[in-house]
Amino acid sequence: MPRYDPKRIEKKWQDFWEQNKTFAVPALPRGEKLYVLDMFPYPSGDGLHVGHPEGYTATDITCRYHRMRGKTVLHPMGWDAFGLPAEQHAIKTGTHPRETTYKNIGTFRRQLKMLGFSYDWDREISTTDPEYFRWTQWIFLQLFDTWYDADLVWTDHHGRQHVGKGRPIAELPIPSDVAASGAEAVRRYQDAHRLAYQTEAPVNWCPALGTVLANEEVIDGKSERGNHPVVRIPLRQWMLRITCYADRLLSDLDVVNWPESIKQLQRNWIGRSEGAEVDFYVGAPGLPTVTKTTLDSDQSRQFAAWKSARASAGFPKAQTEDCLRIYTTRPDTLFGATYMVLAPEHPYVDRLTTATQKAQVDAYRQQASFKSDLDRTDLAKDKTGVFTGSYAVNPVNGAPVPVWIADYVLISYGTGAIMAVPAHDLRDWEFAVKFQLPIIPVVQPPAGYEPSAEELAQSRQVDGRTETPFAGEGTAMGSGPYDGLGTREFKQRITSELTTQGMGRKAVNFRLRDWLFSRQHFWGEPFPIWHELDAEGNPTGLMRTDADHELPVTLPAMTHFKPHGRPEPPLAEAPQDWLFKTAADGTRLARETNTMPQWAGSCWYYLRFIDPRNGTAFVDRAKEQAWMPVDLYIGGAEHAVLHLLYSRFWHKVLFDRGHVSGDEPFNRLVNQGMILGEAELTGYQFADGGTEPGWVSARQVRNDVDTATQRPVHAARLTAEQVVKKGNDFVLAADHQIVVESRAFKMSKSRGNVINPDLVVQEYGADSLRLYEMFMGPLEAVKPWSMSGVEGVSRFLARVWRTISDEAVEEIRLHPAVQDVPPSADQVRLLHKTIQAVTRDVENLSFNTAISRMMEFVNAVAGQDVRPRSILEPFVLLLSPFAPHLAEEAWQLLGHTQSLAYEPWPQFDPAVLVESEAELAVQINGKVRGKIKIPAAAEQSVAEQAARADAKIAEQLAGKTVIKIVYVAGRLLSFVVK
RNA sequence: GCCGGAGUGGCGGAAUGGCAGACGCACCGGAUUCAAAAUCCGGCGACCCUGACAGGUCAUGUGGGUUCGACUCCCACCUCCGGCACCA
């Protein structure tokens, strides 16, 4: 029987680990701790994907290695189990999402256990368990109870100083006028400052489906399912004030050990920009607006009065009604502002629209309201806009400039209004050219400046001259007293002068928006929030929270999941006793019916793993302090931005409120690369038959059309035999003119290239799957699957088995070559080199090269007639993190009665590694011309002598002058000759 | 367009500035076998030269540069992948 039999071995050891709780983790670490975390999966109905075990194996190897190094390792697993697919399944079949979810979890759990990961399964959690989401709701209440004090200065435990911190809402200073207006005014004031707040936000409402759709379910304004029209309607939504934390989320990226590329993605997403806010005078409300390019005497007086009032009172915190507040990163171009643009949704549009322009403006605004942001950016290649009829006064030169509305200005960024400087902004330039607005250059490009491709693309001809926009930095001109200043200096100067005059101030803006935190779904966490109702049963806008001891707020018992046909969430159909109650003071209350998005549960699960069964706190303080932060976090790059940003945000809020001990949750982050399907060879043939239904070169195919003839083509799978390599391309063997496509694609059901881990394990075993996924290439690289590659590593494991066990007999026993004899010097050196390399590679997560080293070891040892036990045992330990089942079995066969999971990791002795003799490459002018063997520690003179004694070298050196010799001990000797 | 990342044999990949292609796959040859599977041994970048032994030249996307020496460092460009995309 003694063939390598993964089925028997793997089942045996998985049962052993489970029964002996081999990987159970103590509540608090003993000695040095290590917290290694996988991004927990969404348990989809398709079961495990081969992409999952990639990261999971990498973390498992790391964990097993560090346990053997004596660390206490926390390595948990759980389920991110709320989500849309289960709900859609419920709509289709009537099956409760909970049922679907728990069935899928069962499949995932079985599959993960089948792969032999050393999780502490006693810590398993699911975001859908009431005992889990009880604390998700509790954290939401913390957000609800927090306001952001942007001015608070504090010092963190590293001694770094920060500005801005979340504080209890009870500590929010209440302005005296608010306090004077009574308790309700105070409550509303507080509500307006909480980190969790409500707003009206547009949702994708699909009347035909009778439900609200997520952005990814809408394609070109139609529903993904059924292709029905989707409209955007405003709905009351919950938002989280993540923008308050933008600066800290940005600057703290500097202290975490993450790939630079991921940090860059987050930086771009946060999108910090520095500039100035500037107020443009439009006249107090009620007064007629400026409608000409010059001010009349009344208006001049009013403008002068406004200026002097500002000069004494300073720049108001909030925008006042007599001016338009704009944000610009280029305050140095104020003198070149020739018009203003408001977002169509800007609150001042009505006020500034004159009677003659009203029809046009209204039509434009209505049109814009139908477009999603995506449509606005995608379709708006051509700029559109409408003049309001009014003018605003430029504070630096008193010039009135026309105010337009256009959808290229977004209401959600900055102040929703801009000053347009067409000469120095490409978007403004395009708009100005289209609507024939004046263009005034105020920045002189540096000498020798060559316009960029973008700038050139926008250039226009005026009176036979070419005019080109210039968006870079240069020297000021046409800017009165500022002429001659460099852009940077100008910005500083004018910003501080505007500040003294009360007409502007320095400002920072972020691309990051507040987080839309509610969904109109059933299968999510309910909010622990009640809305107060008035006597008519209408919401007053005031809220109450569930008390901590009333959590969790569980989902109501519902039996049908078909959309009810109104935009309100499905929970609006919940039973009355779930929806309503009367408070002790007699106030009628209605429950919040939105649910939280899927992100909520995954924002803090790493904390719950530390203390998963705690019934009195989301995590015990001492345990949190002992285990956090996560030392290594591995997962897919698709979560590079949102999940990681949202988690960091929640963690910082919890930190500010004193619930966790550090302000960053994940110290080291690694993204595993995607695993693609097997490489495919694809040729293209004319699809329309025609007279010659021949092949088309892949080069000239675009979107299934031959670009040369415009005839449609279709893809045809080719076998390796039909194709040959020619130059850099693959071509048809039958016709070398026809280039064939060779690439691997993302695995997908529709392409039919999905690899099922169950089948791989069935055929080759879990150890082979684990080993193959690590051997494919660097963890972080994208790489194609190859079934014969699995076969390769499986052969290696079988070879390991044969090296140790005797296959010639029926029972399982040691191979006779395995003997208790002292190893040879070569064997010892090989072992220690292997230990050194594997240890270094595991530390660096270079698992592919570690496996190569172990293969080399086995290739050398397997052929030997005597295989000393003293070199095989350390080798089995080296292999054990990678192929734990086989290693345990071999360990037992070698006579051990305990699991090897906590055996000390083998050490190497540097003294053993020293080779007595070294082979030296001898170079002449950088080319290797010969090799010599000399003592490893030889002096240069010895090496030189040996090299000159070599016949070939001597021949090469004959008649030449040696001008330099470079000697790298043990590696090479290089002659530079003339 | 902008921001990242990557281009090395037929394929996956390896190489602190120091012998390019470790290790694996595929393929070819041999051993074993009645035969096959499995296993074991050997070969395997391209081109030139040779009867053979040996040897030579060119090769890490392209073109330059630094260096005694470059896959590795610098500059420019090309291609592919990922992200963002009117953010003032």
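Just so it is clear: chains get the letters A, B, ... in the order the sequence lines come, proteins before strands, and each one is counted from 1.
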For this session: Starting from the C-alpha separation in whole Å, work towards a yes-or-no answer on ring-ring contact (aromatic ring centres under 6.0 Å, His included) for Y413(A) and F510(A).
Result: CA-CA 8 Å; Y413(A) 185 78; F510(A) 298 94; 9.3 Å; no

Exercise. Which part of the nucleic acid, if any, lies within reach of S261(A) when heavy atoms closer than 4.0 Å are counted: base, sugar-phosphate only, or nothing?
Worked result: sugar-phosphate

Problem set entry | Side chain of P778(A) - closest among A14(B), C23(B), A88(B) | A14(B)

Exercise. Less than 4.0 Å between a side-chain N and a carboxylate O, is that true for R272(A) and E274(A)?
Worked result: yes

Seminar exercise, completed: Note: for R799(A) and F975(A) on RNA chain B, the residue whose nearest nucleotide lies more 5' is R799(A)

Seminar exercise, completed: Testing A88(B), C23(B), C84(B) for proximity to the side chain of L410(A), the answer is A88(B)

For this session: Kindly point out which of A22(B), A88(B), G12(B) is positioned nearest to the side chain of T329(A)?
Result: A88(B)

For this session: Please figure out whether G416(A) or S786(A) has its closest RNA chain B nucleotide nearer the 5' end.
Result: S786(A)

Exercise. Taking both distances under 3.5 Å as the test for a Watson-Crick or G-U pair, what stems of at least three pairs does RNA chain B have?
Worked result: B:1-7 with B:78-84, B:10-12 with B:23-25, B:27-31 with B:39-43, B:45-48 with B:55-58, B:61-65 with B:73-77

For this session: Would you indicate which nucleotide in A22(B), A88(B), C19(B) comes nearest to any side-chain atom of E856(A)?
Result: A22(B)

Exercise. Is any side-chain nitrogen or oxygen of N859(A) closer than 4.0 Å to OP1 or OP2 of G24(B)?
Worked result: yes

Exercise. Nearest to the side chain of R802(A) - G12(B), U39(B), G83(B)?
Worked result: U39(B)

Exercise. For R743(A) and C11(B), is the shortest distance between a side-chain N/O and OP1 or OP2 below 4.0 Å?
Worked result: no

Exercise. Do the side-chain N or O atoms of T849(A) get closer than 4.0 angstrom to the phosphate oxygens (OP1, OP2) of G13(B)?
Worked result: no

Exercise. For G12(B), does OP1 or OP2 lie under 4.0 Å from any side-chain N or O of K783(A)?
Worked result: no

For this session: Could you classify G9(B) for me, syn or anti, using a glycosidic angle within 90° of 0 as syn?
Result: syn

Exercise. Would you call R330(A) and D332(A) a salt bridge, using N to O less than 4.0 angstrom?
Worked result: yes

Problem set entry | P784(A) side chain, from C-beta outward: closest of G18(B), C68(B), G12(B) | G12(B)

For this session: Would you mind telling me which of G24(B), C19(B), A88(B) lies closest to the side-chain atoms of Y413(A)?
Result: A88(B)

Exercise. Can you check whether R267(A) has a side-chain N or O nearer than 4.0 Å to OP1 or OP2 of C84(B)?
Worked result: no

Exercise. At under 4.0 Å between heavy atoms, what does F730(A) touch on the DNA or RNA strands: base, sugar-phosphate, or nothing?
Worked result: sugar-phosphate

For this session: Check every strand shown and say whether R853(A) touches a base, only sugar-phosphate, or nothing at a heavy-atom separation below 4.0 Å.
Result: nothing

Problem set entry | Residues, nucleotides or ligands: over 12 heavy atoms within 6.0 Å of K434(A) NZ | yes

Problem set entry | K506(A) atom NZ: more than 12 heavy-atom contacts under 6.0 Å | no

For this session: Give G792(A) one of three labels, base, sugar-phosphate or nothing, depending on what nucleic acid heavy atoms sit under 4.0 Å from its own.
Result: sugar-phosphate

For this session: Could you tell me whether K7(A) and E763(A) have a side-chain N and a carboxylate O separated by less than 4.0 Å?
Result: no

Exercise. In terms of ring plane angle, is the pair H424(A) and F470(A) parallel, tilted or perpendicular, where the classes change at 30° and 60°?
Worked result: perpendicular

For this session: For the pair K783(A) and E54(A), find out whether any cationic side-chain nitrogen is under 4.0 Å from an anionic carboxylate oxygen.
Result: yes

Exercise. Any side-chain N or O of Y408(A) under 4.0 Å from OP1/OP2 of A88(B)?
Worked result: no

For this session: Determine the contact category for V928(A): base if any of its heavy atoms lies under 4.0 Å from a base atom, sugar-phosphate if only primed atoms, P, OP1 or OP2 are that close, otherwise nothing.
Result: sugar-phosphate

Exercise. Counting any heavy atom closer than 4.0 Å, what does R929(A) reach on the DNA or RNA strands: base, sugar-phosphate only, or nothing?
Worked result: sugar-phosphate

Exercise. Under 4.0 Å between a side-chain N/O of N848(A) and OP1 or OP2 of A14(B), yes or no?
Worked result: yes

Problem set entry | Spacing of the P atoms in A31(B) and C19(B) (rounded, Å) | 38 Å

For this session: Taking only the side-chain nitrogens and oxygens of R795(A), find out if one of them lies under 4.0 Å from OP1 or OP2 of C25(B).
Result: yes

For this session: For V966(A), report the nucleic acid contact type (base, sugar-phosphate, nothing); a contact means any heavy atom under 4.0 Å.
Result: base

Exercise. With no angle test and no hydrogens, is the base of G18(B) tied to the side chain of Q923(A) by a donor-acceptor pair under 3.5 Å?
Worked result: yes

Exercise. When we call it a touch if two heavy atoms are under 4.0 Å apart, what does S742(A) touch: a base, just sugar-phosphate, or nothing?
Worked result: nothing

For this session: Indicate, with a heavy-atom threshold strictly under 4.0 Å, whether L972(A) touches base, sugar-phosphate, or nothing.
Result: base

For this session: Evaluate the criterion salt bridge (charged side-chain N to carboxylate O under 4.0 Å, His left out) for residue pair K383(A) and D428(A); output intermediate values, then yes/no.
Result: CA-CA 9 Å; K383(A) 299 251 182 307; D428(A) 297 346; over 6 Å; no

Problem set entry | Selection from C68(B), G4(B), C19(B) that lies nearest to any side-chain heavy atom of V976(A) | C68(B)

